[in-house]
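One structure below.
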Amino acid sequence: MAEELEETEDSLFEAPVMAEQERMVEAILFASAEPVSVAELNARMPHGADAAEALQLLRKRYEGRGVRLVKVGDAWALRTAPDLGFLMQREVVETRKLSRAAIETLAIIAYHQPVTRAEIEEIRGVSVSRGTVDQLLEMDWIRFGRRKMSPGRPVTFVVTEEFLDHFGLESARDLPGLKELRAAGLLENRPPPGNLPDGVGVPDEDDGPEDQSEMFEE
Amino acid sequence: MAEELEETEDSLFEAPVMAEQERMVEAILFASAEPVSVAELNARMPHGADAAEALQLLRKRYEGRGVRLVKVGDAWALRTAPDLGFLMQREVVETRKLSRAAIETLAIIAYHQPVTRAEIEEIRGVSVSRGTVDQLLEMDWIRFGRRKMSPGRPVTFVVTEEFLDHFGLESARDLPGLKELRAAGLLENRPPPGNLPDGVGVPDEDDGPEDQSEMFEE
Amino acid sequence: MAEPGAFDNVTSVDARRAAEALIVDVDGFEGPLDLLLTLSRTQKVDLRKISVLALAEQYLGFIERATTLRIELAADYLVMAAWLAYLKSRLLLPPEPGDEGPSGEELAAHLAFQLERLEAMREQAASLMARDQKGRDFFARGIPEDVTRTRRITYTATLLDLMQGYARIRTRDEFRPFTMDRDRVLTMEQALDRMRPLIAFAGDWTDLSSYLPEGWGSDPGLRRSATAATFAATLELAKAGDVEIRQGETFAPIQIRRKRKDG
């Protein structure tokens with residue numbers, strides 16, 4: 001600010017005029033739908049005005065602000081500062097239910113951790129898609145555990161703190177056991193009446209096309 | 001959770017953050033031709049930001065500049081200084097000339113809102129054509145307000161944020177002469193004594209005594 | 001009441017000439033009230049001091065001359081003329097005994113109020129249009145930047161989903177003798193037996209429908225029975241103070257959760 005004052009004093013009698021010219025350039029650039037050249041600015045401003053000088057003052061004024069004066073070809077324009085580009089977006093968050101494949105994979109990891117991918121596939125009876133595991137990793141509900149001391153030293157998966165937090169569990173051991181699940185009717189020995197164990201034992205293909213559609217089921 | 005709390009605490013005590021918030025508000029308002037509400041600003045700015053405070057700083061910063069920060073209803077906008085309008089011939093958009101009926105109807109809605117069509121007709125002494133109302137609706141200067149709690153539950157009209165923006169008003173309460181008109185009783189919905197001829201003093205079913213208190217309530 | 005001065009004013013040459021000029025322009029008026037307001041200006045007084053009686057005279061004189069000149073007037077002008085003639089008589093004649101209704105003064109006062117209000121609105125309309133206007137005197141940003149809306153999707157699941165998912169897998173491996181001993185009805189006792197252990201894990205609001213036994217959801221008949229039994233069981237549990245029930249609106253999904261016990 002002080003620096004600017006000095007500068008204005010330097011320009012002697014024209015000082016107030018130049019400040020006014022700066023206002024004019026500012027207003028024209030703000031309202032114009034396109035960048036404006038110096039010639040055009042001079043043509044629009046009162047006779048004798050020096051748009052080039054006013055532009056320099058304006059450029060300095062906007063230094064470090066949320067908006068900056070930029071040169072576009074031969075013309076000038078006011079643009080929002082590049083580092084604030086993220087403000088020009090608005091994020092809409094949408095919550096969707098996890099797919100059945102992901103839930104089952106997650107359940108197996110929770111009940112059997114640390115568990116390898118091969119073990120998950122064995123339990124589920126179908127292969128586990130990369131996408132499902134990635135999704136759970138990304139959600140921070142599972143993470144890599146220690147490698148198994150078995151041939152190939154496969155990686156294992158375990159559930160995370162975030163997982164426990166989301167499901168309101170103190171530890172994975174708090175998950176209801178098989179006995180409780182059975183008592184709760186979630187583990188039935190008998191097939192549901194009416195139809196055959198469809199829907200209970202359907203081996204769902206992780207990568208199959210129907211699985212994709214399941215991804216977004218409610 | 002704990003991490004997030006820490007972060008918020010940090011930002012509360014960091015001095016330069018408000019200057020940064022001011023830049024952000026500046027950038028967002030600069031990028032928008034429409035007024036932006038404080039809620040929208042806060043939603044777009046990082047968590048914990050206080051747009052209201054940043055706006056005060058910004059308003060001060062733009063005082064006397066070629067562009068200024070104005071309040072429009074609950075929202076804020078940057079607009080060129082009115083005294084520089086002469087530089088902007090190029091930007092002037094020729095608007096359809098409003099008829100006298102439209103202008104008067106607009107003024108009546110602004111000063112008497114929420115107001116029913118019957119009330120407008122009573123004040124003007126003539127029926128309000130559909131075209132007039134449609135034109136004002138189309139220009140986004142008026143909109144439908146709440147229905148009146150009187151027989152027939154007639155719709156009412158109120159002025160919009162666009163109206164305030166167009167005429168440089170902070171709120172409908174800032175309409176010039178509003179206080180004087182109210183003091184003079186000219187904004188009252190005074191029912192005519194007995195019967196007046198049709199179209200002149202039609203005692204319309206909608207006018208209730210509550211009208212005055214309804215004026216500009218939010 | 002009539003003020004003699006103002007009344008004389010009407011008969012003055014000036015006023016008559018003005019009124020005659022108006023006739024030519026009769027189409028330019030927006031109805032009788034507008035005409036009355038214009039006429040009232042010839043009285044050259046504040047509207048608050050206007051003589052309504054004189055104004056009525058002016059208006060009636062105007063209508064009369066228009067008729068002589070064979071200018072067709074819209075019906076509402078004539079209705080107003082009739083009313084003003086009535087008003088005039090009310091103002092000039094003493095009220096008849098037992099006459100209900102508003103007095104001439106009250107009617108005159110209201111007309112004066114209407115004129116004053118219309119005049120005020122006209123003035124406000126003019127001053128409104130004289131204000132600095134956007135797009136004429138001040139301007140909005142010429143190069144607005146679009147706000148891009150990005151969609152972020154988060155996925156969620158409940159503990160019940162997890163348990164059911166696990167149960168689904170585990171039951172696959174177990175031996176399932178096919179028995180025919182169950183009919184197509186779920187009893188409330190069965191639903192209750194099923195719900196009791198389950199609700200221990202229902203800390204969050206969960207749709208009642210997710211408590212239906214596996215396999216009872218697809219067939220409409222089974223689903224009806226299971227839903228009814230489960231709902232009845234839920235009411236039973238709520239009565240016992242074990243669960244809370246809520247429903248957002250009519251026909252919205254019914255949701256339940258375990259009732260948190262203090263201590």
Side-chain angles (χ1 to χ4, degrees), chain B residues 28-34 44 68 70 77-85 88 91-93 95 98 100-101 103-108 110-112 122-127 162 165-169 175-178 181 184-188 190-201, chain C residues 29-37 48 74-84 86-87 90 100-103 105-111 113-147:
Chain B
I28 293 173
L29 292 181
F30 234 91
S32 173
E34 306 296 322
R44 278 167 65 181
R68 49 183 203 163
V70 295
L78 286 166
R79 297 286 178 253
T80 61
D83 67 304
L84 299 177
M88 309 292 176
E91 264 67 54
V92 171
V93 186
T95 45
L98 280 178
R100 180 172 135 184
I103 294 170
E104 278 181 27
T105 302
L106 179 66
I108 291 169
Y111 281 87
H112 290 261
E122 207 219 299
I123 294 169
R124 295 201 65 230
V126 282
S127 62
E162 174 59 29
D165 189 19
H166 186 92
F167 291 101
L169 293 162
L175 282 164
L178 188 66
L181 287 172
L186 290 172
L187 299 183
E188 280 166 34
R190 205 179 285 177
N195 287 328
L196 283 181
D198 261 10
V200 184
Chain C
F29 288 104
E30 289 204 65
L33 204 59
D34 186 25
L35 173 57
L36 274 169
L37 188 58
R48 251 163 283 184
D76 53 343
Y77 286 88
L78 302 176
V79 171
M80 176 60 98
W83 184 79
L84 284 173
Y86 164 73
L87 173 63
R90 291 298 302 248
E100 302 268 310
S103 72
E105 281 76 13
E106 281 171 331
L107 294 172
H110 188 73
L111 181 60
F113 165 75
Q114 282 183 294
L115 291 172
E116 198 187 342
R117 185 173 60 179
L118 180 59
E119 169 103 324
M121 282 301 114
R122 294 226 161 125
E123 279 166 12
Q124 296 313 325
S127 69
L128 192 62
M129 297 319 278
R131 285 183 74 86
D132 288 333
Q133 292 183 37
K134 188 175 76 174
R136 189 185 78 182
D137 307 293
F138 61 90
F139 296 83
R141 177 71 167 141
I143 320 176
E145 290 165 48
D146 282 337
V147 176

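Letters go in sequence order (proteins before strands), and every chain restarts at 1.
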Below 4.5 Å from any heavy atom of chain B, which atoms of C:D34 appear? Answer side chain, backbone, both or neither.
side chain
Counting heavy-atom pairs under 4.5 angstrom with chain B, the leader among C:G31, C:A75, C:A140 is C:A140
Can you tell me how far the OG1 atom of B:T80 sits from the CG atom of C:D137, to the nearest 0.5 Å?
9.0 Å
Side chain / backbone / both / neither for B:A81 at chain C, heavy atoms under 4.5 Å:
backbone
Please report the closest heavy-atom contact between C:L128 and B:A107, naming both atoms and the distance.
CD2-CA, 4.5 Å
Is there a donor-acceptor contact under 3.5 Å from the side chain of C:R90 to the main chain of C:A108?
no
Can you tell me which portion of B:I103 sits under 4.5 Å from chain C's heavy atoms? Options are side chain, backbone, both or neither.
both
Could you state the interatomic distance from CG (C:L84) to CG (C:L36), rounded to the nearest 0.5 Å?
5.5 Å
Check whether B:L98 gets within reach of chain C through its side chain, its backbone, both or neither, counting any heavy atom under 4.5 Å.
side chain
B:L84 and C:F138, any side-chain heavy atoms less than 4.5 Å apart
no
Rounded to the nearest 0.5 angstrom, the CE-CD1 distance for C:M121 and B:I123 is 6.5 Å
Counting heavy-atom pairs under 4.5 Å to chain B, which of C:E123, C:R136, C:E106, C:R122 comes out on top?
C:R122
Under 4.5 Å from any heavy atom of chain C - which part of B:R44:
side chain
